[in-house]
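Take a look at the structure set out below.
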Amino acid sequence: MTSSNYKIGVLVSGRGTNLQAIIDAIENGELKARIAVVISDKQDAPALERSRKHGIEAVWMNPKQFASKKEYDLALALELKNRQIDLVCLAGYMRILSPEFIGIFSGKIINIHPSLLPAFPGLNVQQKAIDYGVKFSGCTVHFVNEEVDGGAIILQAVVPVHDSDDAQTLADRILVQEHLIYPKAIQMIIENRLHIENRKVTLKESIPS
Ligand code: GAR
């Protein structure tokens, strides 16, 4: 497989700035992949419109049309399998994935999260970081396993927390870093540069040319 045949499926729920960072990195040649499909659980997610603008297939899958989370996730997995996706990237996807979905794409799902995991998993994490009084926060790209925000860490970036910050100003500062590390982490996976032992991800030695 040439690297540009590497197919990504992106799952979104909202505005899609991380999706946009991935699209931009592909378009400027930093990321040697193509997005085969973007799927949202929310009909009005601006991320869907971003995708269409770039000629990327954008699909809304309505959770209400499925009897259970498991059925939704199995249908979601089928959509991705039908497009022979190599990697599933969660980009502001706000549904917790079922164990069935995670089993189907085991080791092939990654997420971006706006804190320095394992600190502050879950939701509203910028506010939690401020309330806790940490002096630094940041973002984490990690593999997805059955523990929410608990999978092996691929890349992190650190930002300072200022005394004057509110959740929004901190989120904005973190987001700048998210847009840098997410495409970078994806490209590392595409290049097969990650060595994973237990939950520790390290970079393989590069082979001298
Ligand atoms: C991002 O900050 C992302 O890290 C976060 O949602 C935002 C989505 O923004 N994800 C999570 O909190 C997942 N637990 P975007 O739609 O503009 O990429």
Side-chain angles (χ1 to χ4, degrees), residues 8-27 30-31 33 35 37-54 56 58-61 63 69 73 76 87-99 101-102 105 109-132 134 136-161 165-186:
I8 299 174
V10 185
L11 304 186
V12 296
S13 299
R15 69 193 160 168
T17 66
N18 277 289
L19 166 70
Q20 188 68 53
I22 296 169
I23 293 172
D24 293 347
I26 290 172
E27 290 186 352
E30 280 166 36
L31 189 46
I35 300 176
V37 68
V38 172
I39 302 179
S40 172
D41 61 325
K42 296 271 194 285
Q43 184 175 25
D44 58 356
L48 291 173
E49 197 41 45
R50 286 183 193 270
S51 315
R52 294 186 187 114
K53 252 190 212 155
H54 291 263
I56 298 165
V59 177
W60 168 48
M61 281 183 62
K69 177 189 274 289
D73 275 11
L76 179 62
L87 184 70
V88 181
C89 297
L90 312 186
Y93 186 63
M94 292 310 186
R95 280 169 70 86
I96 293 173
L97 291 167
S98 62
F101 185 95
I102 293 169
F105 288 99
I109 312 168
I110 62 172
N111 181 41
I112 179 101
H113 180 79
S115 78
L116 290 176
L117 291 170
F120 312 119
L123 297 176
N124 304 319
V125 298
Q126 297 91 347
Q127 187 62 53
K128 285 178 188 160
I130 289 170
D131 292 346
Y132 196 92
V134 296
F136 292 90
S137 188
C139 48
T140 303
V141 182
H142 63 92
F143 286 104
V144 172
N145 64 10
E146 288 188 21
E147 185 190 340
V148 175
D149 298 324
I153 292 169
I154 303 167
L155 279 180
Q156 292 185 305
V158 179
V159 306
V161 180
D165 270 334
D166 59 24
Q168 191 57 53
T169 57
L170 179 58
D172 291 346
R173 191 174 310 117
I174 292 171
L175 198 62
V176 173
Q177 297 303 316
E178 293 186 37
H179 298 163
L180 296 176
I181 67 170
Y182 208 9
K184 206 186 254 188
I186 297 169

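Since the structure is predicted, the reported quantities are computational estimates derived from the model, not experimental observations. What you see below is based on every heavy atom in this structure, not just the backbone, and it leaves out hydrogens, waters and symmetry mates. Numbering of ligands and ligand atoms starts at 1, following listing order.
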Residues T169 and D172: side-chain donor-acceptor under 3.5 angstrom: no

Donor-acceptor side-chain pairing of H179 and Q20 below 3.5 angstrom: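 H179 vs Q20: no donor-acceptor pair found between side chains.
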
Looking only at protein heavy atoms, identify the closest one to [atom] and say how far it is in Å.
{"atom": "atom 12 (O) of ligand 1", "answer": "P114 CD, 3.4 Å"}
{"atom": "atom 14 (N) of ligand 1", "answer": "H113 ND1, 3.4 Å"}
{"atom": "atom 15 (P) of ligand 1", "answer": "T17 N, 3.4 Å"}
{"atom": "atom 10 (N) of ligand 1", "answer": "I112 O, 3.6 Å"}

Flag if over 12 foreign heavy atoms under 6.0 Å of NZ, K184: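 Not buried by this count: 12 neighbours or fewer within 6.0 Å.
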
Non-hydrogen atom of M94 closer than 4.0 Å to ligand 1: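 Under 4.0 Å: yes for M94.
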
The one among G92, C139, G16 that brings a heavy atom closest to atom 16 (O) of ligand 1: G16

Candidate with minimal heavy-atom separation from atom 4 (O) of ligand 1, of Q177, E178, H179: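 Considering heavy atoms of Q177, E178, H179, the nearest to atom 4 (O) of ligand 1 sits in E178.
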
S13 (side chain) donor-acceptor with M94 (main chain) under 3.5 angstrom: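 Side chain of S13 to backbone of M94, a donor-acceptor pair under 3.5 Å: yes, one is there.
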
Side-chain (Q156) to main-chain (L117) donor-acceptor, under 3.5 angstrom: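 Confirmed, Q156 side chain pairs with L117 backbone.
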
Reported CD-to-OG distance for the pair E49 and S40, which is rounded to 0.5 angstrom: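 Nearest 0.5 Å value for the CD-OG distance: 12.0 Å.
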
Between CG on residue L97 and CD on residue E146, distance to nearest 0.5 Å: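 One finds 10.5 Å between CG of L97 and CD of E146.
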
Contact check: D149 vs ligand 1, nitrogen or oxygen atoms, below 3.5 angstrom: no

N or O pair under 3.5 Å between N18 and ligand 1: yes

Enumerated ligand 1 atoms positioned under 4.0 Å from heavy atoms of R15: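 Near R15, the atoms of ligand 1 are 9 (O), 15 (P), 16 (O), 17 (O).
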
